[in-house]
Structures are given as structure tokens and as C-alpha cells.
Amino acid sequence: MLTNAHIADTLELVADLLEFQGANAFRVRAYRNGARAIRDLSASVAQIVLENPAGLLEIDGVGTSVAEKCTVLARTGSLPQLESLREEIPDTVLDMLRIPGLGPKKASVLYRELGVTTLAALREACESQRVRTLKGFGARTEALILHGLRVAEAAAKRHFWCEADETVQALTRHLETCADIERMRFAGSYRRGKETVGDLDLLVLSSRSDRVMDCLGRFAGVAETLGRGDTKMSVRMDTGLQIDLRVVPRESFGAAWQYFTGSKDHNVELRRRAKQRGLKINEYGVFRVEGATEHYLAGQSEEEVYGALDLPVFPPEIREARFEFRWAENGPLPRLVEEADILGDLHMHTTATDGTASLEAMAQAARTRGLKYIAITDHSQRVAMVRGLTPDRLLQQWACIDRLNAELAGSLTVLKGVECDILERGGLDLPDDVLAQADWVVASIHFGHRQPRDRITARLLEALAHPYVSAIAHPTGRAINYRDSYDVDMEAVLRAASVHGKFMELNANPSRLDLDDVHCAAAKELGVLVVINTDAHSVRDLALMRHGVQQARRGGLTHADVANTREWDELKPRIGRRR
DNA sequence: GCCGTTTTCGGCCCGACTGTTTTCAGTCG
């Protein structure tokens, strides 16, 4: 049965192609709204189609046309409208939209006038200076596209961790039907929880590798088999994600799992330490080297491999040769933060601005998730596109929060918060007398990304020094695989956070994960508390917390390093106080 | 294409910036 996510993706693609064609903007938006409604729906659209297709019209944002498309899609698995759109426009032209500054209109001109259909062709057109001859384009645009191409081309090679995870979950279910598999484990950057994953490494223990490989070949979504030997097989999914399967003997399973988990730097350090002890470590096991002969010592499990060097089994997230070996020398490893430690979520939006759920619905969902406190942090007025809150509207919302807290009677604490913009010229987007009434203020930059380093840094330093600011949200402004962070002196920012006793956000959205792992470690070093927030724009987004926690673990953060592992009563007095 | 209603069609989050222009279209958030 077709998933809601699949149906939503299909509608999004229709919207993209229509937009590229220059279709009515509101029609395009209607498809996007429909897609979003379906993505956020808890009931299964395919199930509704099966039982009562008219029920689709009950969904807010779905009208007769989108409902019709959903029905056809759910029943036949394809959509004629999409097929005909694809005949007119090659899918690859949509890659151009990933380049910042290039929207559907300009991309369409490049396609029609120059016949550009791929990023490679676009690069060639820029380099031969043909783009600047088009009406509405110039040398600056050409240079901007060339820069954007580097980002887009790199992005094409790596997939968001959460996308890889979807494949992992589906593949796990699929392979569980294969009786010849005794054990299977995923390794590589996926296991280390990196924000993006290049390809998936899968290890399998089995005496019948041929059957395992046959089974992998039958996995839904496999586009092509890239290679197949006795112990190794590689396939590419239709999403572009490559899966490398290795069938490994029992005595090497732990060694192989360790080896293929990496990272490379971690393994280099491990082998260096082994050599000092007269040992050798590779993907087959740990060996004692005596002259020209090698004796197998261990390799069935990771415990055996690390144990042979008197090292603990490091959590995969920290195997980067940054601090884990130093930690191991100083006694038992600290326990890294876990999702269950998180008691509150201090950044989320409601229908007052660009969220899809009401204040009450967000609170209810947070309580169901077991959170003890949340902060409602809708946008401030500068973010006009989402009807950012004026002082009046913000105060009205806070009055609603007071009433809601009375109803909740302590089962959940809802904090009066705001995501206040740091303006381009410096300063905050709301007056002090308003901010003074907030329980929690996250300050963030949404405009002026391209300002020079000293300007951006000064804006952030000023915000950190402001008495009513609690934390800086998504501190570097990056969008993974899409846009680099703005140019900022993050060390100066972290030092200022330390001086003023302010928190730094780790935004858990998979496309942000900002702070990144290295900055998290730097914050910890300076004694700056990191607050992990979902920045939820819907009830469903509250579940993104796990991605933030994973990134925090990669930065080596423990319970104590993360602000919102504490009760609000304990946390509140720490804001603005030096550690 | 969806929605609300003025039950039959008009309105649909909007302000600023950029690079191209000479008054604006496209893009972004």
C-alpha cells in the first residue's frame, strides 16, 4: 500500500514541474498545500481511498482535483498527469532549482533558450559565457550559478541521514524474510550518525551469500546492480543511494563491523595503537605479529576487537579520532546524552505564524510525547512572509498561554517565548519592554546572510549581550546540501555566549543540525550549554528531536552539557549566569 | 487548485534584495 509520504512526494513533483512550466502560482501552491496536508496526516490516504474515497475531501487543503489524483495514484500506483509532464520536461532540469538564486523562471529560460537539461550542461554553458547573453542574465548571475553548482553537485552525492534511515528500515524488514541471514548490521557514516550519508554499508553473516545477494536484488527500489562477486555486492537505489553488501565469516564479523564503521581517522589511530603492541588490526580480525607469522586473536565482536587494545567499545557517533581516545585514557567513557534525557523543547511555531498546528495542539502533542515544558517561539514581525508577530499580537498570544497553563494545571509548562529576528542593521526586532515579559527568547538571523564576516559576527555578539535574549537559534544559518553557513567568527560567538551565560541552540531539523558536531564540542569546551530544539512547524516535527540528540552525541555532549535535560525550574535561573 | 461564501467567483502570507535594468522580474525567507 502506498504511503502518505510517497503520495506527498508525487504531488510535490507535479508542483515542481508545473511551476517550471510557468503554471499559475496558486495552482502550484495548491498542490504543495495538498502534499503537506497529506504528509502531516496520521490516517493512511491509501486506506481512505480503499474504504471511502469521498473522505479525502475532509482533509483541509485537499479538494476535488487533488483527491482525484490521490485516488488514481493509490489504485494504480502511477499518475498519468505526472507521466505526461515528464514527457515534456526531463526530470533532471529540476536539479537546477537546487542552486541558490536560480528559480523556476530562470531555470526555464536556460532550458528553453540554451537546451540545458543537466547540471553538467549548465556548467558548460556558464564557462563558455553563453548564459550572460540571455535577457535578464549577466556576468554576476553566471558567477553565482557557478558557485551554486559546486554546492549542488556535492549535494547530489550525499543523502540526508534520515533518508538513508528510511532505506535502512525498509531494507531491514525486507531482509528479515531471508532465512539464510544469521545476523545483519549497518556500518559506515550511517552508523556513526553523520548528518549526511554517502552510501550504505551492510554486513551480513550467512553461509549462503548467493541467496542473500538474490534477496538484496529483489529489494523494492533497487535501480541497478553495480557489481556482484562472492562476498561483495553493490546496488544503486532509484533514489541514487548506493548500498554495499558484504558477506562476512563469523570469526571476522566484529572486526569487519568495526572496520567498516570507521571513521578512517579513527581506524588509523586504532591500527597505530595496535602496532605499538605488536598487534595488527584489519577487517578480518586482530592478529599477533611474530616475525613473519600472524596468529588470529579476536574478531567475532567489537568488544573483542577493542578489548584486545584495552579500549572500550566507543559509541559509533564519536569514532572520529577527535577526543574519544583521550577520553578513554582518563577512565570510563562518559555516558552521552540520550533522547530520553530531554525534558523540554524550546523552539516551535504555531498557526500564529508559519506552523501548521494551533498552540493548544502543539501543547497536547508535547505532553503526549512526555515533555515537561515547551516554549512557543513564533517569528517576530520582520519575517513578514509568515505574518511575523507584532508586539500586540505577541502579547495576545502570551495571554492565551497564561490561560492554557491554567488549564494544563502543571501537567505541562508552556513558556511564553518568541523567535526574535536579529535585524540586518543590528538590534532586535521587538522592543525591550515586550521582550522583558517573555520567559524565553531565541534570537536568530533570517536576513542579510551575505553580509561580511565582521558584520554578521557583530550582530550575533550584540544579541548575546542583550539582557532578554536566552539563546541563539540555528547559529550558523546553514542549510545542509543547499546553502553554506553565513560567514561568522563562531569562536567569538561561543566565547560571548560563555561570558553572558547564554545558550546555543542545536537545531534538530535534519536540514539544519546547526550547531554541527564540531561546534557542539567547542561549546562544551567553553562551558556553554547547548539547547537541543526541534524548531517544529507541525505536531509531527516534534519527533525530529532524535536527530538533534544524535548530532549532540557526535559532539560528545553528555546530560550535563545539554540545557534542556534539566527541569525548567532548574534551568531558568541559569540563563544569563556564567557557569 | 482550494476555499468561503457576497452560493459562483475572487482572493490566495508579503516585504526586501539582487542583478538586471532605466522601471522591474525573479528570488528569497
Side-chain angles (χ1 to χ4, degrees), chain A residues 10-12 14-38 56-71 79 81-82 85 96-113 126 131-148 151 349-356 378-390 393 419-425 429 444-451 455 473-474 477-479 482-484 486 507 509 511-512 535 537:
Chain A
T10 307
L11 292 173
E12 294 268 15
V14 170
D16 287 346
L17 290 168
L18 284 173
E19 188 172 36
F20 194 84
Q21 271 193 335
N24 179 295
F26 296 110
R27 187 175 165 220
V28 173
R29 186 188 297 173
Y31 276 97
R32 297 232 163 92
N33 287 343
R36 189 167 76 161
I38 285 165
L56 291 175
L57 296 171
E58 306 283 311
I59 305 167
D60 206 27
V62 174
T64 49
S65 180
V66 170
E68 168 72 22
K69 264 111 200 176
C70 289
T71 306
L79 194 59
Q81 180 198 19
L82 178 59
L85 279 169
M96 287 196 273
L97 302 182
R98 291 209 311 270
I99 294 168
L102 211 52
K105 293 281 178 1
K106 285 194 163 155
S108 183
V109 169
L110 289 165
Y111 171 58
R112 288 198 316 268
E113 302 289 325
C126 285
V131 169
R132 64 178 65 182
T133 64
L134 297 170
K135 185 172 166 56
F137 291 77
R140 294 292 298 275
T141 311
E142 212 171 63
L144 204 65
I145 292 174
L146 276 171
H147 174 78
V151 182
H349 299 267
T350 72
T351 45
T353 59
D354 56 348
T356 61
D378 272 309
H379 291 285
S380 58
Q381 52 200 352
R382 171 68 179 86
V383 193
M385 177 229 185
V386 301
R387 293 177 303 120
L389 298 176
T390 58
R393 288 182 61 216
E419 179 175 13
C420 187
D421 252 64
I422 302 170
L423 300 173
E424 292 96 313
R425 62 173 186 276
D429 191 25
S444 64
I445 287 180
H446 289 106
F447 299 95
H449 278 226
R450 282 156 72 176
Q451 288 179 345
R455 192 70 218 107
H474 41 76
R478 72 167 175 170
Y482 181 69
R483 183 183 64 212
D484 290 337
Y486 34 68
N507 191 294
N509 189 297
S511 65
R512 287 194 183 270
D535 196 358
H537 285 69

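Bear in mind the structure is a predicted one, so any value in this text is a computation, not a measurement. Because only heavy atoms are used, hydrogens play no part in the values below, and waters and symmetry mates are left out as well, while side chains stay in. First the proteins, then the strands, lettered A, B, ... as listed; each starts at 1.
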When the [atom1] atoms of [N] and [M] are considered, how many whole Å apart are they?
| N | M | atom1 | value |
| --- | --- | --- | --- |
| B:dC14 | B:dT7 | P | 24 Å |
| B:dG19 | B:dT23 | C1' | 13 Å |
| B:dC13 | B:dC17 | P | 22 Å |
| B:dT5 | B:dG1 | P | 23 Å |
| B:dC12 | B:dT6 | P | 16 Å |
| B:dT21 | B:dG26 | P | 13 Å |
| B:dA16 | B:dT22 | P | 24 Å |

Which part of the nucleic acid does [X] contact within heavy-atom distance under 4.0 Å: base, sugar-phosphate only, or nothing?
| X | value |
| --- | --- |
| A:Thr353 | nothing |
| A:Val62 | sugar-phosphate |
| A:Gly448 | nothing |
| A:Asp354 | nothing |
| A:Arg450 | sugar-phosphate |
| A:Ala139 | sugar-phosphate |

Inset, instruction - Could you pick out which residue, A:Lys69 or A:Arg387, lies toward the 5' side of DNA chain B when each is mapped onto its nearest nucleotide? - result: A:Lys69

Legend entry - 5' precedence on DNA chain B between A:Val386 and A:Leu97 (nearest-nucleotide basis): A:Val386

To the nearest angstrom, how far is [X] atom [atom1] from [N] atom [atom2]?
| X | N | atom1 | atom2 | result |
| --- | --- | --- | --- | --- |
| A:Arg27 | B:dC3 | CZ | P | 16 Å |
| A:His474 | B:dG29 | NE2 | P | 11 Å |
| A:His379 | B:dG15 | NE2 | C1' | 15 Å |
| A:Arg36 | B:dC13 | CZ | P | 11 Å |
| A:Lys105 | B:dC24 | NZ | C1' | 14 Å |
| A:Ile145 | B:dT27 | CD1 | P | 10 Å |
| A:Leu144 | B:dT18 | CG | P | 11 Å |
| A:His446 | B:dC17 | NE2 | C1' | 17 Å |

So if I take every side-chain heavy atom of [X] and compare against [options], which nucleotide ends up nearest?
| X | options | answer |
| --- | --- | --- |
| A:Lys106 | B:dG29, B:dT27, B:dC13 | B:dT27 |
| A:Ala384 | B:dC3, B:dG29, B:dG15 | B:dG15 |
| A:Pro104 | B:dT27, B:dG1, B:dC28 | B:dT27 |
| A:Thr141 | B:dC2, B:dG19, B:dG29 | B:dG19 |
| A:Phe26 | B:dG1, B:dC13, B:dA16 | B:dG1 |

Legend entry - Counter-base of B:dC3, judged by Watson-Crick or G-U geometry with both distances under 3.5 Å: B:dG10

Inset, instruction - Calculate, to the nearest 0.5 Å, the distance between atoms CD1 and CG belonging to A:Ile38 and A:Asn33 respectively. - result: 11.0 Å

Inset, instruction - Look up atom CD in A:Gln21 and atom CG in A:Asp16, then write down how far apart they are to the nearest 0.5 Å. - result: 12.0 Å

Inset, instruction - Please name the residue in the list A:Arg27, A:Arg29, A:Arg32, A:Lys105 that meets the salt bridge (Lys or Arg N to Asp or Glu O under 4.0 Å) test with A:Glu19. - result: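 The single option meeting the salt bridge (Lys or Arg N to Asp or Glu O under 4.0 Å) with A:Glu19 is A:Arg32.
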
Inset, instruction - Please say which of A:Arg382, A:Arg455, A:Arg450 ends up in a salt bridge (Lys or Arg N to Asp or Glu O under 4.0 Å) with A:Glu424. - result: A:Arg382

Legend entry - Side-chain N or O of A:Tyr486 closer than 4.0 Å to phosphate OP1/OP2 of B:dG29: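 For B:dG29, neither OP1 nor OP2 has a side-chain N or O of A:Tyr486 closer than 4.0 Å.
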
Legend entry - Any A:Arg140 side-chain N or O less than 4.0 Å from OP1/OP2 of B:dG19: yes

Inset, instruction - Check the side chains of A:Asp535 and A:Asn507 for a donor-acceptor pair under 3.5 angstrom, ignoring hydrogens and angles. - result: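 Yes.
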
Legend entry - Main-chain N/O of A:Asp429 paired with A:Gln381 side-chain donor or acceptor, under 3.5 Å: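 Pair found, side chain donor or acceptor close to backbone of A:Asp429.
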
Inset, instruction - May I ask you to check whether over 12 heavy atoms, not counting those of A:Arg140, lie within 6.0 Å of atom CZ? - result: no

